[in-house]
Undergrad: 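First the structure, then my questions, so here it is.
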Number of protein chains: 2
Amino acid sequence: MKSETRKNDIIKTAAKLFKSKGYSAVTMRDLATAMDMKAASLYNHISSKQELLKTIVVFIAEEFTNGMRQIQASEKSNIAKLKAIVALHVEITAKHTNGMAALNNDWMHLEDQLEHYLQLRTEYETSFLDIIEHGIASEEIKPSNPEIIMFSMLTTLRSLYLWMPKKGRLNSQELSQNLSDIMIDGIIKS
Amino acid sequence: MKSETRKNDIIKTAAKLFKSKGYSAVTMRDLATAMDMKAASLYNHISSKQELLKTIVVFIAEEFTNGMRQIQASEKSNIAKLKAIVALHVEITAKHTNGMAALNNDWMHLEDQLEHYLQLRTEYETSFLDIIEHGIASEEIKPSNPEIIMFSMLTTLRSLYLWMPKKGRLNSQELSQNLSDIMIDGIIKS
DNA sequence: TGTCATAACTAACACTTGTTAGTTTATAGA
DNA sequence: TCTATAAACTAACAAGTGTTAGTTATGACA
């Protein structure tokens with residue numbers, strides 16, 4: 001049986017390289033060098049460069065989708081749901097810091113799985129927007145433009161991978177709390 | 001004299017392509033096709049692919065730096081300075097929507113100009129953080145973690161290019177106002 | 001009309017790309 | 001010890017890369 005851990009190492013290394021240069025700029029020879037082997041040897045473990053991207057992106061995207069479904073099905077208030085989304089992003093980003101780069105920046109290079117990815121993404125954003133709109137209707141949230149609220153929160157959360165590595169000392173719970181405070185309560189001292 | 005407008009068209013088209021696929025994935029033949037000519041003909045107007053990236057990225061980065069210097073030198077309150085930063089991003093993004101993609105995602109492919117770019121970027125972030133820290137000291141801003149505040153605002157502002165094209169109907173002033181409201185005052189109805 | 005610059009073209013270059021074929025080495029179980 | 005398998009290797013391919021050289025068509029102006 002081929003070693004699954006070896007394949008996993010390759011995927012992790014690929015994710016790290018994709019983060020630093022982007023999918024297109026990373027060559028199989030780059031990846032091989034980082035793994036301390038020759039490019040051809042990679043194909044004992046994986047079937048193509050595209051498979052690497054697909055594995056990374058689709059796996060994480062599905063984790064987000066599952067998390068969002070749970071949140072939406074829960075009985076929390078809408079504000080509490082937003083806080084749960086923040087925690088979801090912090091948690092997944094902590095687990096897949098490098099992979100988040102590909103998810104954010106290289107999804108357009110997916111081939112077979114592009115449509116599937118876009119479907120997951122649309123579902124996620126629709127749910128997010130839905131929670132905000134319900135929050136406005138129930139007067140938990142100010143009657144601002146819901147799309148701008150979502151855009152503002154989501155882009156911050158999507159960029160966490162760039163920034164969390166530098167802040168390793170903050171644990172996940174503290175970071176979630178801080179982010180929720182800032183994004184939900186604002187920064188102004190009133 | 002070679003037509004500057006032709007060169008400008010090429011740069012604009014390059015920025016559009018860079019936005020959709022990233023610098024590395026765009027070939028000179030892609031660019032030529034989009035310009036309705038052959039790849040070799042591009043070199044009557046530009047000297048290299050790298051020059052395209054450099055022109056796009058450095059030009060916009062310098063615009064940000066200049067804007068930030070003006071804001072910092074102004075006599076506004078710190079909250080007003082933050083609002084001015086929001087307006088700066090909205091304004092520059094409206095003017096260089098496609099170029100913002102390269103600025104955000106492809107700066108690492110700069111060669112000669114990488115160091116210069118990083119210098120501008122560091123200066124910008126230092127100023128941003130400085131304003132937040134002064135705002136906290138003067139009790140305009142809640143005593144939250146200033147780096148998280150900057151991260152949250154800056155990533156939202158840097159991602160505007162992805163989202164503004166879909167919201168063409170909002171004019172710049174309205175958008176700046178909405179963003180400032182959400183990021184500074186928060187979204188919760190108290 | 002002849003001259004010259006602009007801006008397009010074709011053809012080709014040297015190099016890099018992802019990937020395949022075929023081979024060798026090391027290790028674990030019979 | 002023999003055998004099977006995993007996992008590395010060398011060598012090479014066909015296609016694609018950025019870029020250069022040399023040529024041609026167009027139009028402005030003396």
Side-chain angles (χ1 to χ4, degrees), chain A residues 1-58 101-102 105-114, chain B residues 1-58 101-102 105-114:
Chain A
M1 179 183 53
K2 296 194 184 180
S3 156
E4 276 298 308
T5 72
R6 197 90 180 102
K7 178 167 182 174
N8 238 298
D9 284 349
I10 293 173
I11 294 170
K12 271 188 191 160
T13 305
K16 195 188 307 184
L17 293 180
F18 293 166
K19 182 187 175 197
S20 73
K21 309 168 62 178
Y23 175 77
S24 301
V26 174
T27 71
M28 297 305 276
R29 285 163 182 83
D30 290 340
L31 178 54
T33 301
M35 288 295 297
D36 211 18
M37 53 166 72
K38 295 299 161 84
S41 307
L42 295 168
Y43 289 84
N44 285 318
H45 306 279
I46 59 153
S47 67
S48 66
K49 188 187 182 188
Q50 177 70 199
E51 188 207 356
L52 292 170
L53 182 65
K54 184 203 77 184
T55 304
I56 295 168
V57 170
V58 173
N105 305 319
D106 289 319
W107 55 266
M108 72 282 273
H109 300 118
L110 285 170
E111 291 162 13
D112 294 347
Q113 300 285 322
L114 179 57
Chain B
M1 183 183 53
K2 295 192 185 181
S3 157
E4 276 299 308
T5 71
R6 197 89 180 105
K7 178 168 183 174
N8 238 297
D9 283 351
I10 292 174
I11 294 170
K12 271 188 191 160
T13 305
K16 196 187 306 181
L17 293 180
F18 293 166
K19 184 188 175 195
S20 74
K21 308 168 65 177
Y23 175 77
S24 300
V26 173
T27 71
M28 296 306 275
R29 285 163 181 83
D30 289 340
L31 178 54
T33 302
M35 288 295 298
D36 211 18
M37 54 167 73
K38 294 300 161 86
S41 308
L42 294 167
Y43 290 83
N44 284 317
H45 305 279
I46 59 153
S47 66
S48 66
K49 188 186 181 189
Q50 176 71 198
E51 187 206 355
L52 292 170
L53 183 64
K54 184 203 78 183
T55 304
I56 294 167
V57 170
V58 173
N105 305 320
D106 289 318
W107 56 266
M108 71 282 274
H109 300 116
L110 284 170
E111 291 161 14
D112 294 347
Q113 301 286 321
L114 178 58

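All values below were derived from every heavy atom in this structure, side-chain atoms included, with hydrogens, water molecules and symmetry-related copies excluded. We name chains A, B, ... by the order of the sequence lines, and we start the count at 1 in each one.
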Undergrad: For a quick check of understanding: with a heavy-atom distance under 4.0 Å over all strands, which category does A:Arg29 fall into, base, sugar-phosphate or nothing?
TA: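 Base: the residue A:Arg29, judged by heavy atoms under 4.0 Å, touches a nucleobase.
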
Undergrad: Over how many whole Å does the gap from A:Asp9 atom CG to D:dA8 atom C1' extend?
TA: 15 Å

Undergrad: Enter the distance from A:Lys19:NZ to A:Ile56:CD1 here, rounded to the nearest 0.5 Å.
TA: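 Reported value, rounded in 0.5 Å steps: 13.0 Å.
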
Undergrad: Think B:Lys49 has a side-chain N or O under 4.0 angstrom from the OP1 or OP2 of D:dT19?
TA: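 False: B:Lys49 side-chain N/O out of range (4.0 Å or more) of D:dT19 OP1/OP2.
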
Undergrad: Under a 4.5 Å cut-off applied to non-hydrogen side-chain atoms, are A:Asp106 and A:Val57 in contact?
TA: no

Undergrad: Hey, is the side chain of B:His45 poking within less than 4.0 Å of OP1 or OP2 on C:dT6, counting only N and O atoms?
TA: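 No, outside the criterion.
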
Undergrad: What is the separation between atom OH on A:Tyr43 and atom P on C:dG22, rounded to the nearest whole Å?
TA: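 Roughly 18 Å, once rounded to whole Å.
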
Undergrad: Report the distance from atom CD of B:Gln50 to atom CD of B:Glu111, rounding to the nearest 0.5 Å.
TA: 3.5 Å

Undergrad: Just N and O in the side chain of A:Ser41: are any of them under 4.0 Å from OP1 or OP2 of D:dA7?
TA: no

Undergrad: Within a strict 4.5 Å, meaning less than it, do heavy atoms of the B:His109 and B:Lys49 side chains meet?
TA: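 With C-beta onward as the side chain, the pair stays apart.
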
Undergrad: Measure the distance from CG on A:Leu31 to C1' on D:dA8 and round it to the nearest whole Å.
TA: 15 Å

Undergrad: Can you tell if the side chain of B:Glu51 reaches within under 4.5 Å of the side chain of B:Lys7, non-hydrogen atoms only?
TA: yes

Undergrad: Nearest-Å distance, CG (B:Leu52) to P (D:dG18)?
TA: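 Answer to the nearest Å: 11 Å.
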
Undergrad: I'd like a list of close polar pairs between nucleotides 24-29 of chain C and the protein, N/O only, cut-off under 3.5 Å.
TA:
none

Undergrad: Between atom CD1 in A:Ile46 and atom P in D:dA6, what is the gap in whole Å?
TA: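 Answer to the nearest Å: 17 Å.
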
Undergrad: Do B:Asp30 and B:Lys21 come within less than 4.5 Å of each other through their side chains, counting heavy atoms only?
TA: yes

Undergrad: If you check every side-chain atom of A:Ser48, which of C:dT19, C:dA8, C:dC9 has the closest atom?
TA: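 For the A:Ser48 side chain, the nearest candidate turns out to be C:dT19.
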
Undergrad: Just how far, in rounded Å, is P of D:dA25 from CG of B:Asn44?
TA: 16 Å

Undergrad: Across the strands shown, which category fits B:Thr27 at heavy-atom distances under 4.0 angstrom: base, sugar-phosphate, nothing?
TA: sugar-phosphate

Undergrad: Rounded to the nearest angstrom, tell me the gap between atom CE in B:Met37 and atom P in C:dC9.
TA: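 It works out to 7 Å between those atoms.
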
Undergrad: What is the distance, rounded to the nearest whole Å, between atom NZ of B:Lys38 and atom C1' of D:dT23?
TA: 15 Å

Undergrad: I want to confirm an ordering. Mapping A:Met28 and B:Asp36 to their closest nucleotides on DNA chain C, which one lands closer to the 5' end?
TA: B:Asp36

Undergrad: Please work out which of the three classes, parallel, tilted or perpendicular, describes the rings of B:Tyr23 and B:Phe18, given edges at 30° and 60°.
TA: perpendicular

Undergrad: Please tell me which of B:Ala25 and B:Ser47 maps to the more 5' nucleotide of DNA chain D, matching each residue to the nucleotide holding its nearest heavy atom.
TA: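 This one resolves to B:Ala25.
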
